[in-house]
There are 2 protein chains.
Amino acid sequence: MSQILAEPIARLIEEFGKLPGVGPKTAQRLTFYLLRRPAEEAHALAQAIVDVKEQIIFCHVCFNLSATDPCQFCADTNRDHTRICVVEEPLDILALDRTGSYKGVYHVLHGSFSPMEGVLEDDLKIRELAERVGQGGVQEVILATNATVEGEATANLVKMRLQDSGVHVTRLAQGLPIGSDLEYADDYTLSRALEGRRDY
Amino acid sequence: MSQILAEPIARLIEEFGKLPGVGPKTAQRLTFYLLRRPAEEAHALAQAIVDVKEQIIFCHVCFNLSATDPCQFCADTNRDHTRICVVEEPLDILALDRTGSYKGVYHVLHGSFSPMEGVLEDDLKIRELAERVGQGGVQEVILATNATVEGEATANLVKMRLQDSGVHVTRLAQGLPIGSDLEYADDYTLSRALEGRRDY
């Protein structure tokens, strides 16, 4: 391919191809798209990539990705700092906060416990969470890891590590998603929905 | 979203979202992927974007995108310069040359005739092709525009503009793709395959 294509073109196709979910065809399409666009547009993308790596840091309190330390959530005195919602990834904060139903603070584990994929306990920010809780003032830790095998294992692990702290540990409800048909629900979801049934 | 996300993150999501086929969710995924990767990897992508815009130019002969002018095809004396294959986009050259079945040179129109979408004859490199053919030495012009309505219209237009030059104009064969089932072929393809049938 590099013989047919000019080196800078082949290189950009290769770089785009390293992104997740971007195959060779998509990488080609993106490259030739940028070649057709004004230089300013391509430079804006390049600059945004450089900026995000140079300006974004970890919040030392909750390990969210942020341009400031502490991050906007940890620095916000209007939020409820007695409640910590534990998530796997920074993107999960986006999803939770968009609901407007949660006004506490967060803690990002940066992954889920998955020995099969080489992610062990020390790779996650669990010890940091235990230390944070240990400093006192926290009433509830909400485990908002994914409803997957790894997410469940992670929730279990975090719960175990917080056992001695005496903090109240809760887990997001599992059951039928809103708008879904019972007929099409999978067995696991239906079992969880039954187990978790509430007075009505 | 910009209130929940740090500005550099929100900006990169926005920039990625401008790329074709990249929706808000994909743009988020790409952004957080780069945030997790080493800085060198992100910078390599940013640099490749800058380089492609700064180093890639049009070949003044065939209007292919290239790091050199004339491009490698036009500069290659081993290729057959009496045959010009006319394509819509530079990517089409990649597809054709990969076959190894063509050893002539190319001409990139940079689009297809589509008045509905505002692409008129003057937006395409048709006049430049006529001038190139007019300089003599060309025996065959192969129309390799897409087998779509626009590609067909473009092929017709180019043929008309080359009529006075006396050059031999051909069009890529249309018919059943190799490995396809007759049963699943659409009516248009089947009609073309019948019209274009050959002695066997």
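We name chains A, B, ... by the order of the sequence lines, and we start the count at 1 in each one.
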query: Which residue, B:Leu65, B:Leu94, B:Ile93, forms the side-chain contact (heavy atoms from CB on, under 4.5 Å) with A:Leu5?
result: B:Leu94
message: Just to be sure I understand the criterion: a residue of residues 16-27 of chain B counts if one of its heavy atoms is under 4.5 Å from a heavy atom of chain A. Which ones qualify?
response: B:Phe16, B:Lys18, B:Leu19, B:Pro20, B:Gly21, B:Val22, B:Lys25
statement: Under 4.5 Å to a heavy atom of chain B? For A:Glu54 that would be side chain
message: If I compare all heavy atoms of B:Arg11 with all of A:Asp51, which pair ends up nearest, and what's the gap?
response: NH2-OD2, 2.9 Å
hydrophobic_cluster_shared for A:Val50 and B:Leu45, side chain cutoff 4.5 Å: no
- prompt: Between A:Ala6 and B:Ala67, which heavy-atom pair has the shortest distance, and what is it?
  reply: CB-N, 3.6 Å
Donor-acceptor pair, side chain of B:Lys53 and main chain of A:Glu40, under 3.5 angstrom: no
field: Residue A:Leu35 versus chain B: region with a heavy atom under 4.5 Å
entry: both
- prompt: Should A:Val167 and A:Tyr106 be counted in the same cluster of Ile, Leu, Val, Met, Phe, Trp and Tyr side chains packed under 4.5 Å apart?
  reply: no
message: With chain B as the partner, which of A:Leu30, A:Ile9, A:Leu91 has the greatest number of non-hydrogen pairs under 4.5 Å?
response: A:Leu91
query: With respect to chain A, which residue among B:Asn64, B:Asp97, B:Leu34, B:Val52 yields the maximal number of heavy-atom pairs within a distance under 4.5 Å?
result: B:Val52
- prompt: Any side-chain heavy atom of A:Ile49 within less than 4.5 Å of one from B:Thr31?
  reply: no
message: Would you say B:Ile56 ends up clustered with B:Phe73 if hydrophobic residues are merged whenever their side chains have heavy atoms under 4.5 Å apart, either directly or through other cluster members?
response: yes
message: Around atom CG of A:Asp187, are there more than 12 heavy atoms from other residues, nucleotides or ligands closer than 6.0 Å?
response: no
- prompt: Could you give the distance from CD (B:Gln55) to CD (A:Glu7), rounded to the nearest 0.5 Å?
  reply: 7.0 Å
- prompt: Hey, what do you get for CD (A:Gln47) to CD (B:Glu15), rounding to the nearest 0.5 Å?
  reply: 10.0 Å
- prompt: For chain B, which of A:Ala48, A:Ala39, A:Ala44, A:Ser66 has the most heavy-atom pairs under 4.5 Å?
  reply: A:Ala48
query: For B:Glu89, is it the side chain, the backbone, both, or neither that has a heavy atom closer than 4.5 Å to a heavy atom of chain A?
result: side chain
query: Under a 4.5 Å side-chain heavy-atom rule over Ile, Leu, Val, Met, Phe, Trp and Tyr, are B:Val149 and B:Phe113 clustered together?
result: no
message: Could you see if A:Val108 belongs to whatever hydrophobic cluster contains A:Leu162? Use Ile, Leu, Val, Met, Phe, Trp, Tyr and a side-chain cutoff under 4.5 Å.
response: no
